[in-house]
Number of protein chains: 2
Amino acid sequence: MARDSTRPRRATIHDVARVSGISRGTVSRVLNGERYVSDQARVAVEAAVKEVGYVRNTAARNLVTQRSRAVALVVHEPHSLVLEDPNIGNILLGTNAVLSEADYQMVTLILDSQRDSDRVAEYLRGGFVDGAIILSARSGDPIALAIAQLGIPAAFVGHPTDTPDVPFIGIDNTAAARGITERLMATGRRRIGMIAAALDRDSGSDRLSGFTLALGDAFDPDLVVRYPLYSYQTGVDGMRELLERAPDIDGVFAASDAVAAGAMDVLREWGRSVPGDIGIVGFDDSSWALRCTPALSTVRQPADALGRRAAQQVLDQLAGAEPPSGGTLLDTEIVWRDSA
Amino acid sequence: MARDSTRPRRATIHDVARVSGISRGTVSRVLNGERYVSDQARVAVEAAVKEVGYVRNTAARNLVTQRSRAVALVVHEPHSLVLEDPNIGNILLGTNAVLSEADYQMVTLILDSQRDSDRVAEYLRGGFVDGAIILSARSGDPIALAIAQLGIPAAFVGHPTDTPDVPFIGIDNTAAARGITERLMATGRRRIGMIAAALDRDSGSDRLSGFTLALGDAFDPDLVVRYPLYSYQTGVDGMRELLERAPDIDGVFAASDAVAAGAMDVLREWGRSVPGDIGIVGFDDSSWALRCTPALSTVRQPADALGRRAAQQVLDQLAGAEPPSGGTLLDTEIVWRDSA
DNA sequence: GTTTACTCTGGGAACGTTCACAGAAAATCC
DNA sequence: GGATTTTCTGTGAACGTTCCCAGAGTAAAC
């Protein structure tokens, strides 16, 4: 290619050594801010670095130090969900913030199919990254096993793992769901239903468990409808089904804010007032919540903090800390607004 | 750290050579799928690779080949917008799909402040990546200049650049806005307003230009309200302002779907029927559009394709192609639903 | 004044690949 | 059957760092 011939060879540490009249070893020490360097040498090196426009070659350094200063963020979700899920973006930002502050790169791996899954294992084994943060909704994820076997510093975001060696950062979906359901019950509702979703994921099944626990004896299995996805459409379909099954329903716990939004639109359509006729609560405190009319009561999930904590956990392991067995559950918070 | 002592040294190409009884050079040829390797040697090497669990050391390869097989995705947006913008996620997925198919890594750099901007330039110069894809909403972005100076293979997503050397992939916001406005006029509306947003970005100002062009002599500056962000709240505030200024308004072009959603909720509040009393159109064809009632007529923006094309453009340059001067504008499509 | 400790420097070796080259072996050509 | 081409293989060198060691100089301790 034409541009290669015109682009000058990049300056190396040897150029800096030559120009500054200081040995390669000392230049390296200056570059890494080590002790035992005279001021005189430091100044000379810094001047030479500027003069020749030196910037360190990452590959060479990685080769000799046997690390890459990069951490993978593995997003193991069907592609469509990556966009739907209001938390993933925040987790990503949190992770990125912590890593870049520690001068680490974030390498994003988005994978869907089984084929990809093998590819990822390959990367992780290949030393391309020093550690990994895995976003995965399901327990028993094949990636989990690969990570545990590799013994690479890692952390899961989202749910307890089967592998005690790999720590996780998550929230207690069961307790949170129970909490907001109890709060809904405390408003005096008698016939409370749930639009459950994503029961193949821990978050989905745990939220249903929490709901069941809260209701106790008052639990009526007929008032639970089940759908595969956390989505607006799930809310639309689920609310219709609930209204047909139990026209006297007066409270609904929607498995996510998006679900709640769909449900509220159906309620409006059916002429039921919220919170007058029926109280409704969601989960996530995503941008959906404020956009509903009336504003949605929901559980705030600290997505940004999840990402930050996971990144920090990996950095700690990289610094030599033992990974805590088990994991960390971050606190959720009930945000009570006007929908119930 | 304890785990280091237990973790065995990783197998190298030398181990493969030793076990297979084939020389290092030939092993390398097998690994890279080069010609001039006997079947016998190939089989022996493949067996040995499996036996010792060999996986190539990326750093060593990068060092000698002088490339990293990684491309940076630079997202230059305030953090909050990264989440709000319905297109960024799709662009990211498109980019990721193309890169990973070509066996390239995607390194995501999200930056906000000026400090970060310097850091990114440093990475790009440091050979950490072979190329870069830059998502930037504004022309005149400082990153643009840095990229152009570096002469590193790159592509912009989103808008024309000031730097002719760096190609861009975008859409023609002006033409698209003009198109949908004309379509709205064709439904017989007489008093059409616009809720304009993000006029500091090319997309925002171009959409306003398109609107102005479409209306021609019928353009009434009083019927344009301006807000800083593409958001639901902008739609709420903007629609109220328009209704106060011109109670007889019968058509609205909202600068984005989110804006349109906010506007529609205000219209419902004010008792104006859509599309009976007033027709409304948006922009993006994001998940907002279908979620509105009635479903929103809007302009479909091929976000996934934008990401794909940009990635392909960078890969082509990496393969030796000359970057096209100027750029590529992808087609948009009017999606006509029920809101107008 | 000798030991001991600390500070600073330079250069060899190594990290794990790929590439270029030379030469052997096999296939093809006249 | 010799010359030429093609296929295949092994080895030395290089990529640009960091780490380690040896040694020189200087300061502190006895």
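Chain letters run A, B, ... following the sequence lines, proteins first, then strands; residues in each count from 1.
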S.K.: Over how many whole Å does the gap from Arg24(B) atom CZ to dT18(C) atom P extend?
M.R.: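 My rounded result for the distance is 10 Å.
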S.K.: Checking all strands, does Asn62(B) fall into the base, sugar-phosphate, or nothing category for heavy-atom contacts under 4.0 angstrom?
M.R.: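 Since no nucleic acid heavy atom lies under 4.0 Å of Asn62(B), the category is nothing.
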S.K.: Quiz question: by atom type and distance under 3.5 Å, do the side chains of Arg29(B) and Thr26(B) form a donor-acceptor pair?
M.R.: yes
S.K.: Which one of Leu306(B), Asn87(B), Leu329(B) satisfies the side-chain contact (heavy atoms from CB on, under 4.5 Å) criterion with Ile171(B)?
M.R.: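 Among the candidates, only Leu306(B) passes.
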S.K.: I'd like the 5' and 3' limits of the part of DNA chain D contacted by chain B, with heavy-atom contacts below 4.0 Å.
M.R.: dT7(D) to dG16(D)
S.K.: Taking atom P of dT17(C) as reference, at what distance in whole Å does atom CZ of Arg69(B) sit?
M.R.: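 Roughly 16 Å, once rounded to whole Å.
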S.K.: When the nearest nucleotide of DNA chain C is assigned to Gly21(A) and to Thr12(B) on a heavy-atom basis, which residue is associated with the more 5' position?
M.R.: Gly21(A)
S.K.: Output the rounded distance in Å from CG (Leu63(B)) to C1' (dT18(C)).
M.R.: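 Rounding to the nearest Å, CG of Leu63(B) and C1' of dT18(C) are 10 Å apart.
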S.K.: By nearest heavy atom, map Ser23(B) and Thr65(A) onto DNA chain D; which one lands nearer the 5' end?
M.R.: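 Nearer the 5' end of the strand: Ser23(B).
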S.K.: How close or far is atom C1' of dG10(C) from atom CZ of Arg29(A), stated in whole angstroms?
M.R.: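 The distance from CZ of Arg29(A) to C1' of dG10(C) comes to 8 Å, rounded to the nearest Å.
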S.K.: Just by modelled atom types, is the Val71(A) backbone N or O under 3.5 Å from a matching donor or acceptor in the Asp130(A) side chain?
M.R.: no
S.K.: May I ask you to say what Ile22(B) touches in the nucleic acid, namely base, sugar-phosphate or nothing, with a heavy-atom cut-off under 4.0 Å?
M.R.: sugar-phosphate
S.K.: Let's see if you get this right: which residues in residues 35-52 of chain B place a heavy atom under 4.0 Å from DNA chain D?
M.R.: Arg35(B), Tyr36(B), Val37(B), Ser38(B), Ala41(B)
S.K.: Evaluate the side-chain contact (heavy atoms from CB on, under 4.5 Å) criterion for residues Val107(A) and Met106(B): first the C-alpha distance (whole Å), next the side-chain angles of each, then the deciding distance (0.1 Å), finally the verdict.
M.R.: CA-CA 6 Å; Val107(A) 178; Met106(B) 182 175 80; over 6 Å; no
S.K.: Say whether, by atom type as modelled, one donor and one acceptor occur between the side chain of Ser100(B) and the main chain of Asp103(B) under 3.5 angstrom.
M.R.: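 Side chain of Ser100(B) to backbone of Asp103(B), a donor-acceptor pair under 3.5 Å: no, none is there.
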S.K.: Can you see if the side chain of Ser28(B) gets near the phosphate of dT17(C) - specifically, an N or O under 4.0 Å from OP1 or OP2?
M.R.: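 For Ser28(B), the contact criterion (side-chain N or O under 4.0 Å from OP1 or OP2 of dT17(C)) is not met.
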S.K.: Any donor and acceptor pair, going by atom type alone, linking the side chain of Asn32(A) with main-chain N or O of Ser28(A) inside 3.5 Å?
M.R.: yes
S.K.: What's the verdict on side-chain contact (heavy atoms from CB on, under 4.5 Å) for Thr108(A) and Asn96(B), showing C-alpha distance, side-chain angles and the deciding distance?
M.R.: CA-CA 9 Å; Thr108(A) 313; Asn96(B) 179 69; 5.8 Å; no
S.K.: For the residue pair Asn90(B) and Arg308(B), confirm or rule out a side-chain donor-acceptor distance under 3.5 Å.
M.R.: no
S.K.: Given side-chain contact (heavy atoms from CB on, under 4.5 Å), test Val27(B) with Tyr54(B) step by step and report yes or no.
M.R.: CA-CA 11 Å; Val27(B) 171; Tyr54(B) 171 77; over 6 Å; no
S.K.: Report the distance from atom CG of Leu31(B) to atom C1' of dT17(C), rounded to the nearest whole Å.
M.R.: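 Rounded to the whole Å, the gap is 10 Å.
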